[in-house]
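Contents: one structure, followed by commentary.
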Amino acid sequence: MTTIEDANYALSKILDAGSKKNVIELAWIKNVRVIIPRAIVTLSLPSFANSQRERIVNDVRKTLLDFEDINDVQIELDNKLSQSESSSERNVPDLKNVKGVKHIIAVSSGKGGVGKSTIAVNIACSLAKLGLKTGLLDADIYGPNTPSMLGVSEENPKVTDSGGNEQRLIPINKYGISLVSMGFLIEEGQPVIWRGPMLNSIIRQFLYQVEWNNLDFLVIDLPPGTGDAQISLAQSVPISGAIVVTTPQQVSLQDSRRGLAMFRQLGVPLLGIVENMSVFIPPDMPNKKYEIFGKGGGKILAEENNLQLLAQIPIEIPLVDESNKGIPISLSQPNKESSMKFKKLAQLIKNKFVN
Ligand code: ADP
């Protein structure tokens with residue numbers, strides 16, 4: 001005869017698509033009771049997992065009905081859900097708005113080298129081209145390369161005249177974008193080792209002690225991974241939407257999943273997935289596309305998390321060349337496929353947040 005332990009064990013095979021933890025461990029399914037031929041369980045999903053509700057309910061039913069002696073599954077809703085959704089249980093601390101910034105878009109990736117900074121820079125340029133006041137905060141403390149992508153690596157930001165008040169950093173202006181980067185503060189080529197508390201304070205300074213000037217959007221280029229910087233940031237400011245950049249390779253999905261799960265745990269709204277390096281377009285044969293890094297990564301990640309695949313950016317030589325010259329492709333070659341995709345992506349962000 002099926003026992004509660006049997007039922008719990010079988011249900012523990014059902015996973016949260018983001019964190020890959022099982023629904024029993026997460027207490028999303030609890031109070032499992034078995035009164036043959038009936039099984040009764042309580043469903044207690046946090047709001048960020050609502051998109052998985054239908055799948056989880058179906059899986060629970062199917063799993064329990066697979067036992068020969070169970071033919072009726074009753075799923076109750078946890079009526080204490082609203083209490084368990086309190087901000088303290090969701091690890092969401094009080095968030096403090098950044099003066100002079102309307103919307104924050106965070107661009108992140110599970111690991112380095114997937115083109116996160118390239119995407120962040122081109123989103124910022126494309127938003128600016130739509131006439132929106134845009135800032136770019138390069139918080140990638142381990143590899144701050146946006147100043148060179150925008151051709152301003154030689155510049156030094158000034159600080160405001162204090163006049164008795166707290167001094168504030170004045171962003172560098174280029175191509176209509178207000179830029180602040182760690183790259184301005186550290187010597188090029190020098191290794192940087194930031195420890196937790198130092199990292200927290202530098203990120204907060206970057207957010208709150210900068211003279212942001214009435215920005216519609218501040219795009220933040222986060223460091224890769226799921227470390228202190230991301231957590232510190234997500235716990236400091238109200239992020240309007242996070243974008244996770246991934247590549248088509250399915251081997252890198254695990255890192256991206258971890259990144260998504262982190263945002264979910266921190267209660268950060270997810271805007272969607274951008275797949276970079278989707279296909280290679282040879283410059284001399286613009287009608288050809290080669291899937292040199294495999295395919296499907298972005299689509300799988302989007303589908304399993306019920307998110308939108310916002311864009312698939314091809315590999316194009318000018319993306320590297322122009323970037324090395326300090327002019328992002330979306331400005332230097334607006335008719336290239338990647339530039340048009342960045343424009344569409346910026347339009348999508350604008351439509352979502354600006355009336
Ligand atoms: P990350 O911020 O994830 O470490 P970067 O944006 O610095 O990655 O990109 C890593 C390298 O790949 C850079 O040299 C960049 O010019 C190049 N790159 C990124 N995306 C593309 C693309 N779609 N096509 C061609 N080169 C790209």
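Each ligand, and each atom within it, is numbered from 1 in the order the structure gives. The basis for the numbers below is simple: all heavy atoms, side chains too, and nothing from hydrogens, waters or symmetry mates.
Any N or O atom pair closer than 3.5 Å counts here, and Met277 shares no such pair with ligand 1. An N or O contact shorter than 3.5 Å is missing between Gly112 and ligand 1 by distance. Between Asp140 and ligand 1, no pair of N/O atoms sits closer than 3.5 Å. Considering backbone and side-chain N/O of Lys116, one or more are found under 3.5 Å from N/O of ligand 1. Between Pro314 and ligand 1, at least one pair of N/O atoms sits closer than 3.5 Å. Of the polar atoms of Gly115, at least one N or O is found under 3.5 Å from an N or O of ligand 1, judged by distance alone.
Ion pairing between Lys116 and Asp140 holds under the 4.0 Å rule for side-chain N and carboxylate O. Taking 4.0 Å as the cut-off between side-chain N and carboxylate O, Lys174 and Glu155 do not count as a salt-bridged pair. Note on Arg38 versus Asp72: salt bridge recorded, some NZ/NE/NH1/NH2 to OD/OE distance being below 4.0 Å. Between Asp16 and Lys20 there is no salt bridge, since no side-chain nitrogen of the basic residue lies less than 4.0 Å from a carboxylate oxygen of the acidic one. Residues Asp255 and Arg258 are paired through a salt bridge, judged by an N-O separation under 4.0 Å between the basic side chain and the carboxylate. A salt bridge links Glu337 to Lys289: one of the charged nitrogens lies within less than 4.0 Å of a carboxylate oxygen.
In this pair, Phe353 and His103 present their aromatic rings tilted. The plane angle is within the 30 to 60° band.
For atom 25 (C) of ligand 1, the nearest protein heavy atom is under 4.0 Å away. Protein heavy atoms are absent from the space less than 4.0 angstrom from atom 13 (C) of ligand 1.
Here is the list of ligand 1 atoms found below 4.0 Å of a heavy atom in Glu316: 24 (N), 25 (C). Near Met149, with a cut-off below 4.0 Å to any heavy atom, the atoms of ligand 1 are 6 (O), 7 (O). Counting atoms of ligand 1 from 1 in the listed order, those under 4.0 Å from a heavy atom of Ile315 are 22 (C), 23 (N), 24 (N), 25 (C).
Atom 6 (O) of ligand 1 has its nearest heavy-atom neighbour, among Asp138, Thr118, Ile281, Val114, in Thr118.
Among all non-hydrogen protein atoms, the one lying nearest atom 4 (O) of ligand 1 is Gly113 N, 2.8 Å. Among protein heavy atoms, the minimum distance from atom 22 (C) of ligand 1 is reached at Leu319 CD1, 3.2 Å. For atom 7 (O) of ligand 1, the closest heavy atom belonging to the protein is Asn145 ND2, 3.3 Å. Atom 16 (O) of ligand 1 has as its closest protein heavy atom Val320 CA, 3.8 Å. Residue, atom and distance of the protein heavy atom nearest to atom 20 (N) of ligand 1 are Asn276 ND2, 2.9 Å.
For the pair Leu127 and Phe217, the minimum side-chain heavy-atom distance is below 4.5 Å.
Applying salt bridge (charged side-chain N to carboxylate O under 4.0 Å, His left out) to Asp59 and the options Arg61, Lys62, Arg55 leaves one that passes, Arg55.
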Side-chain atoms of residues 274-282: list all donor-acceptor pairs with protein atoms under 3.5 Å, sequence neighbours left out, distances to 0.1 Å.
unit_1 : atom_1 : unit_2 : atom_2 : d
Glu275 : OE1    : Ser278 : OG     : 2.6
Glu275 : OE1    : Gln312 : NE2    : 3.1
Glu275 : OE2    : Gly298 : N      : 2.8
Asn276 : ND2    : Val114 : O      : 2.8
Ser278 : OG     : Glu275 : O      : 3.4

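Between the side chains of Glu316 and Ser338, at least one donor-acceptor pair of N or O atoms lies under 3.5 Å. With 3.5 Å as the limit, one finds a donor-acceptor pair spanning the side chains of Thr146 and Asp138.
In this structure, Ala120 does not count as a contact residue of ligand 1, since none of its heavy atoms falls inside 4.0 Å of the ligand. The closest approach between a heavy atom of Ser338 and any atom of ligand 1 is not below 4.0 Å.
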